[in-house]
Amino acid sequence: MSRVVHLGLGSFHRAHQAVYTQAANRVTGSDRRITGVSLRNRELVAALRAQRGRYTVLEVGPDAAAPLTVEVVDEVLLAADQPVAVVAALADEATTTVTLTVTEKGYAFRPGGHDLDLTDPGIRRDATLEAPPTTAVGLLAAGLLARADHGAPVDLVSCDNVGHNGAALRAVLEQYAALLPPREGAAVRTVLDAAGTPDTMVDRIVPRTTEATRRAVAAAGISDAVPVPAEPFSMWVLDASGFTAPRPAWESAGAVLSGEVGAYELVKLRLLNAPNSMLAYLGLLTGRTEIADAAADPDLRALADRALGDEMEPTIPLPAGFDAAAYRAQVFRRFLNHDLRHLTEQVGSDGSLKLTQRVPAAVAWHTARGSVPEHLALLVAAWLRVTADADAVTIPTIGLHEPVRDRVRSLAAAARGPHDLAHAALVDAALLGHDLTTRTSFVDRVGELLADLRRHPAAALIRSMARSTPALTA
Ligand SMILES: NC(=O)c1ccc[n+]([C@@H]2O[C@H](COP(=O)([O-])OP(=O)(O)OC[C@H]3O[C@@H](n4cnc5c(N)ncnc54)[C@H](O)[C@@H]3O)[C@@H](O)[C@H]2O)c1
Ligand SMILES: O=P(O)(O)OC[C@@H](O)[C@@H](O)[C@H](O)[C@H](O)CO
């Protein structure tokens, strides 16, 4: 029986692809199992091993189902300690599907784009082949290299919130292969050429596990050190034509096989993830710890809703039969799920990587038509304010991570003011990608809004924008 190897055994995989795989097994009577690889989370690996890979998905909020026991992960590896075993699992002929949820960071993209960062120290070290790999890209490539010996088919399925995630994964692997010694590079390319890298759209809000999750699971009589909370909603759209090898029949468990994955990805990134980011940054600037509290504020909600409906929706081709109005209403019902306790700091982390996927192409759509999307400018200004100014976030945060924070702060120290900073960060340093570097009318507006956010309490600007007539500035 063919097996799945998953890289990035975080919360999302356990509440999404693993659940679909288990359900597909039940529906089709097959027994496909998952080798789950955590890159470096030693505690998680120890806990899952102690539970023989078994854990609970706890749905929370309205319409939550009963806790679900997931027992489809039958092997758990820690890449930091067992890189050779991970490469062997990836190389095994029985492995026909490799799935990934390694966050945007895991692809080692160059800031602002989808090219491999050739200066990334981990990538450079792995590419020497002098020691076992440590990065997700290095591990995958080592697995492909070893597969050259047998040539059995395999698919690499990115399940991260990255636009054209399959193509992006293929591109970084190709660029990594070019760094390898010629013989090994050619072997990796040969295996990659034959492999599938389908694009996918993945959707389920899965916050971090908290003590409340553990208590709720214990109250249901289940002993589990690593339960995963999740919203009841779940969606997975896959490009069926991108597969080359046997795989779990995820469609029998509700996944959608579609020729329009690209359109679904854009729906997800621009109509769900972008307003989610907006609630996160405006929430952080107005003292909200949780997304649901930010969404419950009528002014924040009005701005995020206009960003979604007026500024994002026109920029994307909707999938056939897609009901945008229903989606928009559903998105906000999902954000308002208080039981999720989805933290503004989780959604607001790594903004430079996330916003690059969510915003610049939509801005380019508007500026090409002579308008400046006001609410998207506010989103970017809010990200800059949170990133540049140590005094901007007044609530306690424990892990508001931002890879370019130091860079932005040194640009801020050198800048003559907010307009200068916006241009230095978005044009000169291209921190949100090259699409924005030529959109100077948009960058000017970001600078103005950043000035407002610095001059007044964020709530005042938010209130006045929310209560003024919505318009795209020409
Ligand atoms: N949580 C959600 O609501 C959700 C929904 C849709 C998609 N996703 C996608 O799944 C990803 C993971 O989300 P999660 O909730 O499991 O997060 P998590 O924090 O629980 O797990 C993150 C995983 O990514 C790995 N990782 C982190 N940095 C890495 C790096 N530099 N290189 C390689 N691997 C790295 C970690 O080892 C861990 O396994 C998200 O970034 C997103 O792309 C998440
Ligand atoms: O990428 P994360 O999980 O750190 O947080 C960002 C969220 O916007 C995102 O994960 C959503 O919850 C998810 O994309 C919903 O499907």
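Note that the coordinates shown come from a computational prediction; the quantities given were computed from them, not determined experimentally. In each ligand, atom 1 is the first atom listed, and ligand 1 is the first ligand listed. What you see below is based on every heavy atom in this structure, not just the backbone, and it leaves out hydrogens, waters and symmetry mates.
A distance-only check finds no donor-acceptor pair linking the side chain of H13 to the backbone of A15 [under 3.5 Å]. In terms of modelled atom types and a separation under 3.5 Å, the side chain of R32 and the main chain of R247 share a donor-acceptor contact. Using a distance-only test at 3.5 Å, with no hydrogens or angles considered, no donor-acceptor pair links the side chain of E313 to the main chain of L308. Side-chain atoms of K268 come within 3.5 Å of backbone atoms of V202 as a donor-acceptor pair (strictly under, hydrogens ignored). Listed for the D126 side chain is a donor-acceptor partner under 3.5 Å among the backbone atoms of T134. A distance-only check finds no donor-acceptor pair linking the side chain of E75 to the backbone of I34 [under 3.5 Å]. When atom types are taken as modelled, the side chain of E265 and the backbone of N165 share a donor-acceptor pair closer than 3.5 angstrom. Side-chain atoms of D339 do not come within 3.5 Å of backbone N or O of V60 as any donor-acceptor pair. Formation of a donor-acceptor pair under 3.5 Å by the T397 side chain with backbone atoms of G399 is not found in this model. The main-chain N or O of V261 is never found under 3.5 Å from a side-chain atom of D199 such that the two would form a donor-acceptor pair.
Contacts of L272 with ligand 2, taken as heavy-atom pairs under 4.0 Å, involve the side chain alone. Of all the heavy atoms of R208, the ones lying under 4.0 Å from any atom of ligand 1 belong exclusively to the side chain. Of all the heavy atoms of K268, the ones lying under 4.0 Å from any atom of ligand 2 belong exclusively to the side chain. Under 4.0 angstrom from ligand 1, the non-hydrogen atoms of L9 all belong to its backbone. Residue-level proximity to ligand 2 for D203 is carried by backbone and side chain together, each with a heavy atom below 4.0 angstrom.
The ligand atoms of ligand 1 that sit less than 4.0 angstrom from a heavy atom of T101 are 10 (O), 23 (C), 24 (O). Annotation for ligand 2: atoms under 4.0 Å from non-hydrogen atoms of N273 are 8 (O), 9 (C), 11 (C), 13 (C), 14 (O). Interface atoms of ligand 2 facing R204, defined by a heavy-atom separation under 4.0 Å, are 15 (C), 16 (O). Heavy-atom proximity to H342, at under 4.0 Å, picks out these atoms of ligand 2: 12 (O). Listed by number with element, the atoms of ligand 1 under 4.0 Å from a non-hydrogen atom of V202 are 7 (C). Interface of I205 with ligand 1, defined as ligand atoms under 4.0 Å from a residue heavy atom, comprises 3 (O). Close approach of ligand 1 to G8 (heavy-atom distance below 4.0 Å) involves ligand atoms 39 (O). Atoms of ligand 1 lying under 4.0 Å from at least one heavy atom of E104, given by number and element, are 41 (O). With ligand atoms numbered from 1 in the order given, ligand 2 contributes 12 (O), 15 (C) to contacts under 4.0 Å with heavy atoms of I205.
The closest protein non-hydrogen atom to atom 8 (O) of ligand 2 is N276 ND2, 2.8 Å. For atom 44 (C) of ligand 1, the closest non-hydrogen atom of the protein is F12 CG, 3.4 Å. Nearest protein heavy-atom contact of atom 3 (O) of ligand 1 is V206 N, 2.8 Å. The protein heavy atom nearest to atom 10 (O) of ligand 2 is N161 ND2, 3.8 Å. The shortest contact between atom 22 (C) of ligand 1 and any protein heavy atom is with T103 CG2, 3.7 Å. Annotation: atom 32 (N) of ligand 1 to nearest protein heavy atom, G106 CA, 3.4 Å. The nearest protein atom to atom 3 (O) of ligand 2, hydrogens excluded, is given as Q346 NE2, 3.4 Å; this is a heavy-atom distance. Residue, atom and distance of the protein heavy atom nearest to atom 21 (O) of ligand 1 are G10 CA, 3.4 Å. In terms of protein heavy-atom proximity, atom 5 (O) of ligand 2 is nearest to K354 NZ, 3.4 Å. Ranking the protein heavy atoms by distance from atom 20 (O) of ligand 1 puts S11 N, 2.9 Å first.
Contact annotation: the side chain of T286 approaches that of I462 to within less than 4.5 Å [non-hydrogen atoms, C-beta and beyond].
A side-chain N or O of T35 and one of R3 form a donor-acceptor pair less than 3.5 Å apart. Residues E290 and T344 have side chains that never bring a donor and an acceptor to within less than 3.5 angstrom of each other.
The residue among R14, K105, R204 with a heavy atom at the shortest distance from atom 5 (C) of ligand 1 is R204. Residue V102 holds the heavy atom nearest to atom 25 (C) of ligand 1 of all those in V102, D120, N41. Which of N165, D160, V228 comes nearest to atom 40 (C) of ligand 1 through a heavy atom is settled by distance: it is D160. The heavy atom nearest to atom 37 (O) of ligand 1, considering only L39, V37, D203, is found in L39.
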For salt bridge (Lys or Arg N to Asp or Glu O under 4.0 Å), just list the numbers for D297 and R288, CA-CA rounded to whole Å, side-chain angles, deciding distance to a tenth of an Å, and then say yes or no. CA-CA 10 Å; D297 178 312; R288 268 62 177 235; 2.7 Å; yes
So D203 and R334, salt bridge (Lys or Arg N to Asp or Glu O under 4.0 Å) or not? Walk me through it. CA-CA 11 Å; D203 193 5; R334 294 172 62 195; 2.8 Å; yes
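Of all non-hydrogen atoms in L139 and A79, the two that sit nearest each other are CD1-CB, 3.9 Å. Shortest non-hydrogen contact noted between Y107 and V137 is O-CG2, 4.0 Å.
Between N161 and ligand 1, at least one pair of N/O atoms sits closer than 3.5 Å. Not a single N or O atom of R334, backbone or side chain, sits closer than 3.5 Å to an N or O atom of ligand 2.
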